[in-house]
Each structure stands twice: as structure tokens, then as C-alpha cells.
Q: 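Encoded as C-alpha cells, here's the structure I'll be asking about.
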Amino acid sequence: SQACDIYAAGGTPCVAAHSTTRALYASYNGSLYQVRRSSDNATQNIGLLSAGGYANAAAQDSFCARTTCVITVIYDQSGRGNHLTQAPPGGFSGPAAGGYDNLAVATAAPTMVGGHKAYGVFVAPGTGYRNNNTNGIARGDQPEGMYAVFDGTHYNAGCCFDYGNAETNSRDNGNGTMEAIYFGNIKVWGYGTGNGPWVMADLENGLFSGANPGYNAGNPTVSHRYLTAIVKGEPNHWSIRAGNAQSGNLSTYYNGARPNAAGYNPMKKEGAIILGIGGDNSNSSAGTFYEGVMTTGYPTDATENAVQASIVAAGYTTAARPSGTPAAGTSISLRATTACCTGRYVRHQNDQAVTSVITSASSSLDKNDATWIVRNGLAYSACVSFESKNYPGSYLRHSNYQLYRNANDGSALFANDATFCPQPGLNGQGLSWASFNFPNRLLRHYNNIVYIGSEGGSNTFDSATSWADDVSWVVASPWA
Ligand code: AHR
Ligand code: AHR
């Protein structure tokens with residue numbers, strides 16, 4: 001049986017069940033999510049390989065071939081219609097049209113589950129999903145439980161990577177108007193031991209790691225690659241639990257009365273559902289979501305322990321990098337594949353990244369400028385960074401969507417700007433490289449200058465003309 005079958009057997013059934021990777025009921029055989037591709041704005045639902053089973057990722061791959069897809073809907077498997085869609089503006093506006101948040105890029109969080117390829121929901125800052133008109137979600141001080149499986153190595157210190165119960169008007173309606181799982185290392189409100197990240201409860205105007213605002217010694221730094229995170233609440237009682245989604249049991253980080261702060265007892269839950277954002281549509285957070293549910297009623301620890309066992313049995317493992325991805329430490333050159341430019345390589349010149357024709361007769365300087373040492377991604381080790389061969393400590397990074405060679409200043413921004421995630425080349429050659437912090441943008445040459453472009457976007461370098469070719473790069477032997 002699957003997670004929601006277990007919650008139902010425990011008397012606390014799911015009232016929302018979201019996953020892009022698998023069914024959360026043994027009988028579920030509907031769509032998991034919907035994708036939209038940038039080439040023609042067509043949409044397609046992605047379903048399961050079999051009832052109760054795993055996502056049909058191959059359907060996404062064929063629909064999204066040569067283009068970029070975003071996840072437009074994450075369907076609710078509970079039958080209550082509590083689907084998640086692009087979050088609207090609220091207390092804060094998002095970066096997309098109309099103040100909406102961005103949608104997640106559908107290929108940005110590849111994973112394996114049960115031996116099958118699948119994709120999670122990759123929340124780069126600015127991304128968010130919401131449902132402000134739900135059915136059956138806890139209101140007021142009603143009891144509820146929630147779990148989610150996250151990538152415990154993808155997080156940041158922005159507010160607030162949440163999944164759970166929030167305000168129905170996307171605004172901060174005061175203490176106790178939300179109750180959601182939070183994951184990340186922001187220290188503005190609560191925190192625990194170590195440097196984070198922590199699993200905490202977002203109860204509005206406060207992330208709580210336990211009874212006290214601020215520090216609670218019972219809440220450890222936790223960063224399993226696949227992380228099960230739990231928050232549940234009932235009148236004057238709540239709990240935080242977490243564990244490794246690949247093995248073992250849950251630990252309880254807090255189990256007790258409502259926080260030692262005014263306004264959280266009784267709770268004033270409103271029953272919207274958020275993913276990747278704060279209650280007021282704060283949208284500077286990052287994380288990856290694979291699955292999660294909300295229940296009616298306060299689940300027992302025993303029920304959750306059985307759910308954890310079912311998550312472990314589902315078998316999450318990391319996806320291999322696309323074939324041809326160079327290993328860390330390898331020196332490479334990156335060759336363009338557009339017909340105009342097949343003799344051109346990414347090189348730095350006057351600190352900018354451009355493409356230049358390089359041949360065996362080129363100067364040693366040109367050859368060195370066109371050679372990069374592949375490093376584990378500065379912001380995320382499954383992706384890569386490109387260190388300059390002749391300027392050690394300098395990396396290819398974007399700024400205002402243009403690429404430069406800059407010295408690593410050690411900042412989180414630099415690490416994000418210098419991290420690129422490989423995918424099979426969109427034109428069938430080599431690899432394409434998605435920006436880690438702007439995952440809808442791929443490394444692209446335009447007029448021989450290198451940018452991160454988004455297909456058909458508003459900048460000249462986003463031009464859809466020769467898009468698939470301009471974003472596909474052959475990983476060549478190093479010139480130097
Ligand atoms: O509680 C932390 C955050 O504070 C909430 O997510 C947001 O609504 C508010 O800014
Ligand atoms: O390239 C886009 C953004 O521009 C980068 O993240 C930042 O460095 C600059 O503001």
C-alpha cells in the first residue's frame with residue numbers, strides 16, 4: 001500500500017496528495033502533473049506507467065524534446081481537486097507576468113525512483129505553486145498532518161521553501177494563519193543545531209524549530225539527499241519529525257505544546273496550499289520537492305512510521321548525469337554546434353565569455369582562454385562549474401544573463417551564477433547547460449557572445465531562431 005492508503009487506514013486520510021514521481025495511492029491511475037513546452041505553448045498531462053506505480057517520464061521527454069518544459073499543474077491524487085498551479089501575487093509579487101511566480105522547469109530535478117526515471121519539482125528562487133480555493137484542508141485549529149520528500153542538499157536562506165497550509169489571500173494574516181513544513185537554512189526566525197538546513201514549521205511570522213522562537217537544541221541540521229520531513233498540528237499540540245527517505249526511521253525533533261509566543265494557540269489556519277514559497281508569497285527560497293501530502297486529523301507516529309517505510313520501499317536514488325558529462329577535474333573545450341559556428345569555442349576575452357574560432361594554429365593564449373576545467377558545481381555538486389584554465393579560481397558565471405570569467409568571491413550568488421546543470425543537447429549533439437538559479441535559461445551563443453537565454457524570451461539573445469543549435473555544445477578535447 002502507498003502513503004495515502006496508510007494514512008486512511010490510520011483514520012487520518014489524505015485530503016491532498018501531490019507527486020511528480022509516483023502514485024500515492026495503490027489505486028491511483030490518473031495524471032500526476034501537466035507540462036507546457038516553450039516551443040509552441042502546448043500542454044500535456046504526464047501520468048503513470050501503471051496504476052499505483054511510477055511516473056511516465058518518457059512521455060515528458062518525448063513531448064519536451066528540443067525545447068524547454070515547465071510544470072504547469074501538480075495534480076491532487078486525493079480526488080478533492082486540490083491541484084497546485086502557478087502561485088499568484090500576494091504580499092509579495094513573483095517575477096513572472098502579472099506578478100505570478102515562475103513555474104518549475106520540468107527537467108531540472110531528475111531522479112530515479114523504483115528503478116524508473118522521474119522528475120521532481122525544482123524550485124529556483126522566484127518559483128512557486130499554490131491553491132487558494134481548497135477542499136477538505138484544515139481550517140482554524142483543526143488537526144492535520146503533512147509530509148514531504150525533499151532534496152536535502154538543495155536549499156537556501158531565502159524565505160521560505162514551504163509545503164503545506166497557508167493563507168487563502170496570499171497575504172500575511174498574522175501569527176497562526178499558516179502551518180507548513182519549511183526546509184532551508186534561513187536564521188531570521190527559528191533554527192537548530194549546526195549551520196542548517198533545518199526542518200521547521202512555518203506558522204506565519206515565524207519558522208519554529210521547537211517550542212521557542214529562535215534556537216531549539218532538539219532540532220538538528222539534516223541534509224539527506226532524499227529527506228522525509230513532517231509537521232503536524234492539533235489543538236495546543238504539534239510535532240516536527242524527519243528522516244532519511246532512502247533508509248531507516250523517522251526521528252522526532254519536537255513534540256509538545258504550541259510555541260512560547262503569542263498568537264499560535266489556538267491556530268487560525270486558512271487552508272490554502274503552498275509549495276516553494278512563504279504564506280505571503282515570499283519567493284526567494286530554493287528547494288526540490290518530489291512528493292507530499294496533507295491529511296485531515298492528526299496522524300499517529302505509528303502511521304507516519306509506516307508511511308516512512310513505504311517511502312523507503314519506493315526506492316529513491318540519484319539519476320546518473322547525462323551521458324557525455326565530463327567528470328570533475330577534466331579539462332575540456334566547449335564547441336558550438338550551430339552551422340555558422342562549428343569551429344567556435346567558448347572562451348574568455350577581456351573577462352567576457354564569447355565564442356572564437358580556435359584551430360591548432362591558434363595562439364597559446366587563445367587556446368588557454370578556450371579551455372575550462374570541470375569542477376563539481378559550486379552551488380550543487382551534481383551540476384558543474386567551469387574553472388578557467390589560465391585563471392585558476394576564476395569561473396564562467398552569468399551576470400545580467402551574460403557570461404563572464406570572474407574570480408570566485410565565495411558568495412552564494414557567485415556559486416549559483418557559476419553552476420550549470422547538464423542535459424542532453426537539445427539538437428541531439430553534445431550537451432545543453434541550464435543555469436542553476438535560472439533553470440529556464442540555457443548557455444547560448446548569440447552574435448558570438450555567450451548568454452543564458454530562455455527560448456523566445458524578451459531579450460534579443462532569447463531569440464527562438466536556431467535555438468536548439470545555439471544551446472547545444474560538444475564537449476571537446478581541451479585546446480590547452
Ligand atoms: O513565517 C515566515 C514567513 O513570514 C511566512 O512564510 C511569510 O508569510 C511571512 O513573510
Ligand atoms: O545573470 C542574472 C543575474 O544577474 C545574476 O544572478 C546576478 O549576478 C546578476 O544580478
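Counting convention: from 1, in listed order, for ligands and their atoms alike. Just the heavy atoms: all of them, side chains too, but no hydrogens, waters or symmetry mates, feed the values below.
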Q: Donor-acceptor pairs under 3.5 Å, side chain of residues 377-386 to any protein atom, not counting sequence neighbours: which ones?
A:
from	atom 1	to	atom 2	distance (Å)
Tyr380	OH	Asp151	OD2	2.5
Ser385	OG	Leu378	N	3.0
Ser385	OG	Ala418	O	2.7

Q: So, Glu270 and Arg139, do they make that salt bridge, N to O below 4.0 Å?
A: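 No, no charged N to carboxylate O under 4.0 Å.
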
Q: Could you pull out all donor-acceptor pairs under 3.5 Å where a side-chain atom in residues 96-113 meets a protein atom, sequence neighbours excluded?
A:
from	atom 1	to	atom 2	distance (Å)
Asp101	OD1	Asn281	ND2	3.0
Thr111	OG1	Tyr226	OH	2.6
Thr111	OG1	Thr317	O	3.2

Q: So do Leu442 and Glu455 actually touch side chain to side chain, heavy atoms under 4.5 Å?
A: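 No - every pair of side-chain heavy atoms lies 4.5 Å or more apart.
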
Q: Would you please name every residue forming a ring-ring contact (aromatic ring centres under 6.0 Å, His included) with Tyr119, sequence neighbours left out?
A: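 Residues passing ring-ring contact (aromatic ring centres under 6.0 Å, His included) with Tyr119: none at all.
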
Q: Would you call the rings of Phe438 and Tyr401 parallel, tilted or perpendicular if under 30° counts as parallel and over 60° as perpendicular?
A: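 If you compare the ring of Phe438 with that of Tyr401, the planes turn out perpendicular.
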
Q: Let me know which protein residues bring a heavy atom to under 4.0 Å of ligand 1; chain then number is fine for ordering.
A: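 Shell around ligand 1 (4.0 Å, heavy atoms): Cys159, Cys160, Asp162, Met178, Trp189, Asp202, Glu204, Asn205, Gly206, Gly278, Gly279, Asp280, Ser282.
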
